[in-house]
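All figures in this text were calculated on a predicted structure; none of them were measured in a lab.
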Amino acid sequence: MNIILFGPPGAGKGTQAKMLCEKYNLLHLSTGEILRNEIKQNTELGKSVKEVIESGKLVSDEIIIKILNLAMDNSRQDNLSGYLFDGFPRNIDQANLLSSLLESLKIKIDCILLIEVDEPILLERILSRKMVEDRSDDNKEILASRIQVYSQETEPLIEYFSANHVVKKVDGVGEIHEVNQRINNALEGF
Ligand code: ADP
């Protein structure tokens, strides 16, 4: 099974993605997580994206494609049942890139999953996550920019994909296990 996960920053994509990947034996491809690791390890790539990430804007498509290809190559030997794209694609160019990538790999997306959470709750969550994870892009000002990028560039992709894909919308408000249960229900039958 191959899934694309959508949702605004703070919707809980990372948490739910991990649970889903375990249940369905999928490779978790989180572009944000890969980039954060590069920054943590202070690599050349990490240094080149730090400023962009800390402004809440998008990293260039070239960098995203490079890290995705690397992550997918590294996983080739693993016995996987599919991929879960988390944080990619984020704009129309990346959606087109994904289409060619999927074509060359001869795989199809089975389901687009959207985790929905309203803005005031996103802010609450991001501020409490800041105290635990200390992500440098988790603060009120940067969140506003991330939400703006999401609604202008990423959210329209849901409409775009709905032409040819099943889109399942899940309420992301509630306890982690409740949201997880809703997602499992939504994915039943795939
Ligand atoms: P969130 O969805 O909570 O904003 P992510 O971990 O997905 O968090 O992304 C964090 C940041 O990493 C983004 O704000 C952006 O700067 C960068 N990033 C992640 N994925 C992409 C992508 N596909 N294209 C461009 N930039 C990305």
Side-chain angles (χ1 to χ4, degrees), residues 1-115 129 132-138 146 149-150 153-154 157 160-161 165-166 168 176 180 183-184 187 190:
M1 172 154 63
N2 300 295
I3 300 174
I4 308 178
L5 190 56
F6 284 111
K13 296 187 296 292
T15 308
Q16 297 297 334
K18 288 200 176 73
M19 297 165 95
L20 268 179
C21 287
E22 220 163 276
K23 182 170 158 80
Y24 294 100
N25 188 31
L26 310 177
L27 178 68
H28 183 196
L29 287 166
S30 164
T31 43
E33 198 170 289
I34 298 172
L35 293 170
R36 272 189 295 284
N37 279 335
E38 295 284 334
I39 294 177
K40 217 178 275 168
Q41 288 162 23
N42 208 24
T43 61
E44 283 310 310
L45 196 146
K47 283 187 234 171
S48 73
V49 298
K50 192 169 187 290
E51 208 174 299
V52 181
I53 289 189
E54 289 178 358
S55 70
K57 304 245 166 59
L58 294 183
V59 168
S60 75
D61 293 345
E62 290 71 35
I63 290 184
I64 295 299
I65 282 299
K66 196 164 118 189
I67 62 170
L68 261 186
N69 278 329
L70 272 177
M72 290 176 97
D73 274 353
N74 289 342
S75 71
R76 222 163 248 172
Q77 64 280 31
D78 298 342
N79 204 7
L80 293 162
S81 309
Y83 298 99
L84 189 153
F85 295 92
D86 165 6
F88 173 88
R90 253 180 158 89
N91 58 30
I92 191 74
D93 287 339
Q94 291 185 11
N96 290 324
L97 284 168
L98 177 64
S99 295
S100 358
L101 185 70
L102 295 175
E103 214 168 284
S104 66
L105 291 169
K106 300 202 183 339
I107 61 175
K108 282 202 159 52
I109 295 296
D110 298 288
C111 179
I112 309 283
L113 198 61
L114 168 63
I115 305 182
R129 180 168 75 184
V132 185
E133 291 182 17
D134 197 28
R135 265 178 63 167
S136 55
D137 59 346
D138 275 351
R146 286 159 63 199
V149 172
Y150 178 77
E153 300 196 41
T154 311
L157 299 182
Y160 166 90
F161 279 110
H165 294 84
V166 179
K168 296 277 185 186
I176 290 173
N180 182 244
I183 292 177
N184 288 339
L187 291 179
F190 281 100

Could you walk me through whether Ile3 and Phe190 pass the side chain to side chain contact (heavy atoms under 4.5 Å, CB included) test, one step at a time? CA-CA 10 Å; Ile3 300 174; Phe190 281 100; over 6 Å; no
Heavy-atom closest contact (Ile115 atom, Lys13 atom, distance): CD1-CA, 4.2 Å
Rounded to the nearest 0.5 Å, how far does CG of Asp86 lie from CG of Leu27? 11.0 Å
Could you check if a side-chain atom of Leu187 sits within less than 4.5 angstrom of a side-chain atom of Tyr24, using non-hydrogen atoms only? yes
Any sub-3.5 Å donor-acceptor pair from Thr31's side-chain atoms to Gly87's backbone N or O? yes
How many angstroms lie between atom CD of Glu153 and atom CD of Gln94, to the nearest 0.5 angstrom? 9.0 Å
Going through the distances and angles, do Lys57 and Asp137 end up as a salt bridge (charged side-chain N to carboxylate O under 4.0 Å, His left out)? CA-CA 10 Å; Lys57 304 245 166 59; Asp137 59 346; over 6 Å; no
Quick one, Leu113 and Leu84 - any side-chain contact, counting heavy atoms below 4.5 Å? no
So, taking the atom named CG in Asn96 and the one named CG in Leu101, what distance separates them when rounded to the nearest 0.5 Å? 12.5 Å
Tell me the closest heavy-atom pair linking Pro9 and Arg146, and the distance in Å. CB-NH2, 3.5 Å
Ionic contact status for Glu133 with Arg36, cut-off 4.0 Å: no
Measure from the side-chain N and O atoms of Asn2 to the backbone N and O of Asp110, and report whether any donor-acceptor pair falls under 3.5 Å. no
Taking only Lys NZ, Arg NE, NH1 and NH2, and the carboxylate oxygens of Asp or Glu, determine whether Glu44 and Lys47 approach each other closer than 4.0 Å. yes
Leu102 vs Lys108, test: side chain to side chain contact (heavy atoms under 4.5 Å, CB included). Steps then yes/no. CA-CA 6 Å; Leu102 295 175; Lys108 282 202 159 52; over 6 Å; no
Distance check, rounded to the nearest 0.5 Å: Lys23 atom NZ versus Asn184 atom CG? 4.5 Å
Note: Ala71 and Ile34 closest approach over all heavy atoms is CB-CD1, 4.0 Å
In plain terms, say whether Asp61 and Arg90 are close enough for a salt bridge, that is, a side-chain N and a carboxylate O under 4.0 Å apart. no
Ile4 side chain reached by Leu157 side chain, heavy atoms, under 4.5 Å: no
If we only count heavy atoms from C-beta on, is the Ile112 to Tyr160 side-chain gap below 4.5 Å? no
Is the count of non-hydrogen atoms from other residues, nucleotides or ligands lying under 6.0 Å from Ile176 atom CD1 greater than 12? no
Result for side chain to side chain contact (heavy atoms under 4.5 Å, CB included) between Phe88 and one of Leu5, Leu29, Leu98 points to Leu98
Hey, could you give me the NE2/CE distance between His28 and Met19, rounded to the nearest 0.5 Å? 13.0 Å
Kindly indicate whether the side chain of Glu38, heavy atoms from C-beta on, has any atom under 4.5 Å from the side chain of Val49. no
So do Leu35 and Ile64 actually touch side chain to side chain, heavy atoms under 4.5 Å? yes
At what distance, to the nearest 0.5 angstrom, does CZ of Phe85 lie from CE of Met72? 4.0 Å
Using every non-hydrogen atom in the two residues, find where Pro89 and Phe6 come nearest and quote the distance to one decimal. O-CE2, 3.4 Å
